[in-house]
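In what follows, residues are counted from 1 in the order of the sequence shown.
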Amino acid sequence: AQGCVFQERHGWERPGWFNQEGPAPVLDYDYYGAYDASKNHNYKYNELLTREYTFDFPPHHDLIRDECLTCRNAVAVFDMSYFGKFYLVGPDAKKAADWLFSADVNKPMGSTIYTCMLNKRGGTESDLTVSRIEPGPSGSPLAPAFQGDAYYLAIGGGVAEHNWCHIHTVLQDMKFQCQLLDCSEDMGMISIQGPQSRSVLQEVLDSDLSNTAFPFSTHKVVKAAGHYVRAMRLSFVGEMGWELHIPREACVPVYRAVMEAGAKHGICNAGYRAIDSLSIEKGYRHWHADLRPDDTPLEAGLAFTCKLKSSIPFLGREALEAKKAQGLRRRIISLTINEKVPMFGLEAIFRNGEPVGHLRRADYGFAIDKTIGYGYIRDPDGGVVNPDFVRNGHFTMERMGVVYKATAHLKSPFDPESKRVKGIY
């Protein structure tokens, strides 16, 4: 009814973007008219997808822009229900969490920590959020019955199975007495993001959402439209906002309550094409693109997720300490260009005329009004790649045989001090 054009990720359906011309339903596959199947005619969904086949911006570029700028200037709702939602419970849950997660997740109850999971080489197997939890309402998927410590893991749905396998392998190798429970299909998740998100949700949730009562990187079980939900103050788009993790049967009434409360604030639905743009603009990583098993958090600008200042052992720690002592031989940077042309990833990066890497991911940032890309660079002479190496270089990028002057950034060009996620506008 909202005109959503969907994407598919590992068997999950998720919103891609919203067509303002009305619904574009997906019809049964027609096998191009073979096997006695009737060929689909005037197929609107197929026409929309066909317009994606371009090396220019697609026709719906402006629709994605509107979703992004509504999020930046007012409030937007993202359906992220395809996320993996796991619980780590059992007698050795704390020991397992200390070993699995690069960050110290054993913070006060109600905390939510962004962390990585590493392999023995120090490479990044995952980035995710981990929340320390208390037992939830009886019979609710918001928290299982447990004794001792327990953790709620929220993981991008496209890589949830990879995370599941990695965690199970580590639990078996270390002989931790733990269970990993999968509640991905028992709960939905919507994310309400933007400067007006607090005003909208204050009408829906029975909790004080002020910075003092509900600071960034915390969570609470609260009521929304009469239903218990887990509200988490997080953002993957660089704005003040909350994720609502909702029992399956309550998803629709909670969503409707949010949309009703947000109408006077200019709320809109937004999809993953907007998330791709907003997240790269803020400098947030996408595991599988600019974060992979051969990238360490130190190289990826995620050293803050590693408890190296503590004495707590964790998987991959020794490899990270060795790389840190040797100095980084590659480093991720962001690059922007002034020309209004799209980039897609894999474009070559040059420093002072010499190739030093390629883009891992690229998109258009609508708030900064520039094409932006992220890639890892090396010194052709094999030296350490430090901030001065970046600052003192002249960068260009090549797209389809055309070279463009580029500006390199060590921090996100959008809100580099991360004030917006803290509600400072």
(request) Assess whether side-chain contact (heavy atoms from CB on, under 4.5 Å) is satisfied between D379 and F389, documenting all intermediate values. (result) CA-CA 8 Å; D379 181 350; F389 181 85; 3.7 Å; yes

(request) Begin from the C-alpha positions of N119 and L315 and carry the test side-chain contact (heavy atoms from CB on, under 4.5 Å) through to its verdict. (result) CA-CA 6 Å; N119 53 44; L315 180 58; 5.6 Å; no

(request) Give the intermediate values and the outcome of side-chain contact (heavy atoms from CB on, under 4.5 Å) for residues H166 and M117. (result) CA-CA 9 Å; H166 174 74; M117 290 193 291; 3.9 Å; yes

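No hydrogens or angles considered: nothing links the side chains of K370 and T407 as a donor-acceptor pair under 3.5 Å. Under the 3.5 Å distance criterion, with hydrogens and angles disregarded, no donor-acceptor pair is assigned to the side chains of S126 and H162. Defined by atom type and a distance below 3.5 Å, a donor-acceptor pair is missing between the side-chain atoms of S191 and E243.
F146 and E134 get closest at one heavy-atom pair: CZ-C, 3.6 Å.
R420 and E239 are joined by a salt bridge, as a carboxylate oxygen and a charged side-chain nitrogen come within less than 4.0 angstrom of each other. By the 4.0 Å N-to-carboxylate-O rule, R14 lies too far from D79 to be salt-bridged with it. Electrostatic pairing of E52 and R273 counts as a salt bridge here, judged by a charged N lying under 4.0 Å from a carboxylate O.
Under the rule for a salt bridge (Lys or Arg N to Asp or Glu O under 4.0 Å), the partners of R360 that lie at least two apart in sequence or sit in another chain are D295. Take V252 and apply the side chain to side chain contact (heavy atoms under 4.5 Å, CB included) test, not counting sequence neighbours, and it matches R256. The salt bridge (Lys or Arg N to Asp or Glu O under 4.0 Å) test applied to E299 returns R330, not counting sequence neighbours.
Side chain of S412 to main chain of E281: a donor-acceptor pair is present (N/O by atom type, distance under 3.5 Å, no hydrogens or angles). Between the R329 side chain and the G327 main chain, a donor and an acceptor come within less than 3.5 Å of each other.
Few gaps surround CD on E203; more than 12 heavy atoms of other groups in view lie less than 6.0 Å from it. Few gaps surround CD on E47; more than 12 heavy atoms of other groups in view lie less than 6.0 Å from it. Within a 6.0 Å radius of OH in Y31, other residues, nucleotides and ligands contribute 12 heavy atoms or fewer. More than 12 non-hydrogen atoms from other residues, nucleotides or ligands lie less than 6.0 angstrom from NZ of K307. More than 12 heavy atoms of other residues, nucleotides or ligands lie within 6.0 Å of CG in D388, so this atom counts as buried by the packing criterion. Atom NZ of K340 sits in a crowded spot, with more than 12 heavy atoms from other residues, nucleotides or ligands closer than 6.0 Å.
Screening I64, D276, D369 for a side chain to side chain contact (heavy atoms under 4.5 Å, CB included) involving Y364 leaves a single residue, D369. Of the residues L63, N269, D66, the one that meets the side chain to side chain contact (heavy atoms under 4.5 Å, CB included) test with W17 is L63. Each of F78, F236, Y82 was evaluated against Y272; a single residue qualifies, Y82, per the ring pair (Phe, Tyr, Trp, His ring centres under 6.0 Å) test.
Judged by the 6.0 Å and 45° rule, R72 forms a cation-pi pair with F414. For the pair K223 and Y228, the distance from NZ or CZ to the six-membered ring centre is under 6.0 Å and the angle to the ring normal is within 45 degrees. For K220 and F214, the positive end sits near the middle of the six-membered ring, less than 6.0 Å away and at most 45° from its axis. With F57 as the aromatic partner, R65 does not meet the cation-pi criteria of under 6.0 angstrom to the ring centre and within 45 degrees of the ring axis.
Residues F395 and I333 have side chains in contact (heavy-atom distance under 4.5 Å, counting atoms from C-beta outward).
How far CG of N338 is from OG1 of T371: 10.0 Å, rounded to the nearest 0.5 Å. Summarising the geometry, atom CZ belonging to F101 is positioned 11.5 Å from atom CD1 belonging to I113; distances are rounded to the nearest 0.5 Å. From Y152, atom OH reaches atom OG1 of T112 across 10.0 Å, with rounding to the nearest 0.5 Å.
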